[in-house]
Amino acid sequence: ITPPITFARVAPGVYRSGFPTLRNLQCLKQLGLKTMIKLDVKDSYADDMLDWIAETGIEVVKCEVAANKEPFIIADAEEICKALRVLLDPARHPVLIHSLVGQARVGVVIGCLRRVQRWSLVAIFEEYRRFAGITSSLLDVQCIELFDVSMIELPAVRKDQRPADEGAVPMAPQEVG
């Protein structure tokens, strides 16, 4: 069984990786994916991969998250939010978010997810750098740091409500009476 390049578990039911191929099919089958978030909208899956996606009923969500580059290319916050809404929806889990190599673009989206989850910036940047390696970019770090978390609406929970299910991404929702 061969996982996709830079494959890792982000949270229960949430995975990240580089572009999945037929070589990774056994691994992907074991995950029981419901959704795949594709950040490289220009790259296409192989025909056999498309057949498997169709057979299994996996929803492919395309989010055009551009790689941050000097001087004028910056990831679109709305596209990041689109990806985050899928990652935060337990009904769409298990979910795999991927880009071509699974480093910078996936790292920016996961970094923004960690902001929503109220991780410290130090921990977020450490995770980002661990996966980005030599492709690590100060523009990506700045994009994560400046991401407006108020763009993502968190579900409210009642005081008597159980903690999130095992399949949900751990959150810090606002408490209501």
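Since the structure is predicted, the reported quantities are computational estimates derived from the model, not experimental observations.
- With R16 contributing its side chain and V10 its backbone, the two residues share no donor-acceptor pair below 3.5 Å.
- D89 places no side-chain N or O within donor-acceptor distance of the main-chain N or O of V86, the cut-off being under 3.5 Å.
- Side chain of T56 to main chain of W52: a donor-acceptor pair is present (N/O by atom type, distance under 3.5 Å, no hydrogens or angles).
- The two atoms that bring F19 and K38 nearest to each other are CE1-CE, 4.1 Å, heavy atoms only.
- You'll find the side chain of L33 stays beyond 4.5 Å of the side chain of V95, heavy atoms only.
- Side-chain contact between N24 and I5 is absent, with no heavy-atom pair separated by less than 4.5 Å.
- The CZ atom of R115 sits 8.5 Å away from atom CG of D148, with the distance rounded to the nearest 0.5 Å.
- The line from CG of D40 to NE2 of H98 is 8.0 Å long, rounded to the nearest 0.5 Å.
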Go through V101 and V106 one step at a time and tell me if the side-chain contact (heavy atoms from CB on, under 4.5 Å) criterion holds.
CA-CA 9 Å; V101 184; V106 172; over 6 Å; no

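- Without hydrogens or angle criteria, Q26 side chain to I1 main chain gives no donor-acceptor distance under 3.5 Å.
- For Y128 (side chain) and S137 (main-chain N/O), a donor-acceptor pair under 3.5 Å exists by modelled atom type.
- For K82, the NZ atom counts as densely surrounded, since its 6.0 Å shell holds more than 12 non-hydrogen atoms of other residues, nucleotides or ligands.
- Side chain of S17 to main chain of T6: no donor-acceptor pair is present (N/O by atom type, distance under 3.5 Å, no hydrogens or angles).
- Here E59 does not pair with K34 in a salt bridge; the nearest charged N to carboxylate O distance is not below 4.0 Å.
- The CG atom of L84 sits 7.5 Å away from atom CD1 of I97, with the distance rounded to the nearest 0.5 Å.
- Note that CD of Q142 and CZ of F147 are 14.5 Å apart. Values are rounded to the nearest 0.5 Å.
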Set out, in order, the CA-CA distance, both residues' side-chain angles and the distance that settles side-chain contact (heavy atoms from CB on, under 4.5 Å) for V109 and C63, then state yes or no.
CA-CA 10 Å; V109 174; C63 298; over 6 Å; no

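- Note that CE of M36 is 13.5 Å distant from CZ of R92, once rounded to the nearest 0.5 Å.
- With rounding to the nearest 0.5 angstrom, the OG atom of S44 is 7.5 Å from the CG atom of L50.
- D140 contributes no side-chain N or O that, together with a main-chain N or O of V108, makes up a donor-acceptor pair within less than 3.5 Å.
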For L28 and M49, run side-chain contact (heavy atoms from CB on, under 4.5 Å): C-alpha distance rounded to whole Å, both residues' side-chain angles, the deciding distance at 0.1 Å, then the answer.
CA-CA 11 Å; L28 298 175; M49 193 72 177; 3.4 Å; yes

